[in-house]
There are 2 protein chains.
Amino acid sequence: MSDFEKTRSPGYLANHMARLFAHGLAERIRPLGLAPAQFMTLLELWREDGITQRDLVARLDVEQATMANTLKRMERDGLITRRAHEGDARARTIHLTDRARDLQPAAEEAAASVNAQAVQDLSEEERVAFVAAMHKVIAALKG
Amino acid sequence: MSDFEKTRSPGYLANHMARLFAHGLAERIRPLGLAPAQFMTLLELWREDGITQRDLVARLDVEQATMANTLKRMERDGLITRRAHEGDARARTIHLTDRARDLQPAAEEAAASVNAQAVQDLSEEERVAFVAAMHKVIAALKG
DNA sequence: CTCCTTTTAATAGCAAGCTATGTATATATG
DNA sequence: CATATATACATAGCTTGCTATTAAAAGGAG
């Protein structure tokens with residue numbers, strides 16, 4: 001009938017691939033008590049502690065409501081604490097707990113291992129081109 | 001501290017890219033009364049009507065529980081009906097409604113337009129390599 | 001034929017994404 | 001200053017994904 005073929009559709013493949021990445025990561029960081037969105041958020045907090053929800057929303061490109069819920073779960077799970085922001089009573093600064101700080105090496109190693117498995121059958125050039133293509137696609141979809 | 005950089009992580013980029021694809025598709029098919037997972041399911045049913053939930057699970061590589069819930073919403077929304085399977089009292093066959101059949105051209109056009117926007121800054125070779133790389137990554141992550 | 005295992009589907013409960021809305025504080029403007 | 005707009009965050013409600021569990025039917029081994 002139509003020639004729309006899911007195995008040739010970048011959007012379909014992107015969805016499928018992202019689900020497999022998420023599954024692989026979830027499996028490896030579950031023993032650490034982490035979930036994928038929490039890990040993604042920790043990546044930013046390991047880089048800079050004491051930032052606000054607004055900062056995280058900007059850096060991770062998710063909706064504010066999504067980040068609010070992720071932070072609530074992270075607070076519940078003892079990964080972050082929040083303090084009043086000096087100079088802006090609306091905002092709160094977000095701070096890593098010792099537990100969250102300690103998880104960094106193991107969590108990053110887990111993520112690196114999923115990435116390694118994912119690109120294991122790509123040559124170095126293919127891998128570089130693949131990452132560059134994803135950047136271009138992300139930019140095009142944001143525009 | 002660490003050299004884990006999200007903009008170089010295939011997994012991070014895959015997640016970000018998939019969210020942007022889903023957003024673009026959702027925006028375009030919302031006027032049709034469709035959501036992305038429903039569209040993905042319709043792609044298979046437009047190809048072959050009267051299959052079972054089990055068939056859809058195998059073809060779309062989602063968990064059975066995920067498909068069960070998607071089908072429940074599609075039934076609620078008047079996109080499918082279900083009938084007793086002849087010869088297997090556990091299964092039910094899934095059938096498109098007229099409304100779902102009528103949506104095919106517009107929905108596929110919407111998906112094609114998201115794909116076109118996504119790859120607009122890739123050359124033809126880059127586009128082919130990108131799709132091939134996603135297939136390889138999917139295979140590697142499934143293995 | 002009976003019992004055990006496998007298969008098909010439904011349901012519960014959670015994470016993570018979204019839109020839409022509300023609330024409180026900051027800031028800008030008349 | 002007063003009021004209007006903008007910003008920071010929370011909450012409600014939805015979809016889509018997952019795991020784990022259950023129920024019912026089918027199929028296979030004795």
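Since we're looking at a predicted model, the values are computed, not measured. Excluded from the calculations below are hydrogen atoms, water molecules and symmetry mates; all remaining heavy atoms, backbone and side chain alike, are included. Quick note on labels: first sequence line is chain A, next is B, and so on, each numbered from 1.
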Requested in this report: Report which part of the nucleic acid B/Ala68 touches: base, sugar-phosphate, or nothing (heavy-atom distance under 4.0 Å, all strands).
Outcome: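 Since a base atom lies under 4.0 Å of B/Ala68, the category is base.
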**Report entry** Positional range of nucleotides in DNA chain C within the contact set of chain B, heavy-atom, under 4.0 Å
**Finding:**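 Answer, 5' to 3': C/dT7 to C/dT19.
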Requested in this report: Ignoring hydrogens and angles, tell me if any N or O in the side chain of A/Trp46 forms a donor-acceptor pair with the backbone of A/Ala100 under 3.5 Å.
Outcome: yes
Query raised in the report: Does B/Thr97 use its side chain to pair, donor to acceptor, with the backbone of B/Leu79 at less than 3.5 Å?
Result: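 Side chain of B/Thr97 to backbone of B/Leu79, a donor-acceptor pair under 3.5 Å: yes, one is there.
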Heavy-atom count check: over 12 atoms from other residues, nucleotides or ligands less than 6.0 Å from [X] [atom1]?
X       : atom1 : result
A/Arg8  : CZ    : no
A/Arg54 : CZ    : no
B/Glu5  : CD    : yes

Query raised in the report: Should A/Lys136 and B/Glu126 count as side-chain neighbours, where that means a heavy-atom distance under 4.5 Å?
Result: yes
Which protein N or O atoms sit under 3.5 Å from an N or O of nucleotides 2-7 of chain D?
| unit_1 | atom_1 | unit_2 | atom_2 | d |
| --- | --- | --- | --- | --- |
| D/dT7 | O2 | A/Arg90 | NH1 | 2.6 |

Query raised in the report: If the sugar-phosphate is the primed atoms plus P, OP1 and OP2 and the base is the rest, what is the B/S/- string for nucleotides 13-21 of chain D, using protein heavy atoms under 4.0 Å?
Result: --SBSBBB-
Would [X] and [Y] pass as an ion pair if we require N to O under 4.0 Å?
X       : Y        : answer
B/Arg19 : A/Asp61  : no
B/Arg99 : B/Asp102 : no
B/Glu75 : B/Lys72  : no

Query raised in the report: Do A/Asn69 and A/Arg73 have side-chain atoms, one donor and one acceptor, less than 3.5 Å apart?
Result: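 Per modelled atom types, A/Asn69 and A/Arg73 side chains form no pair under 3.5 Å.
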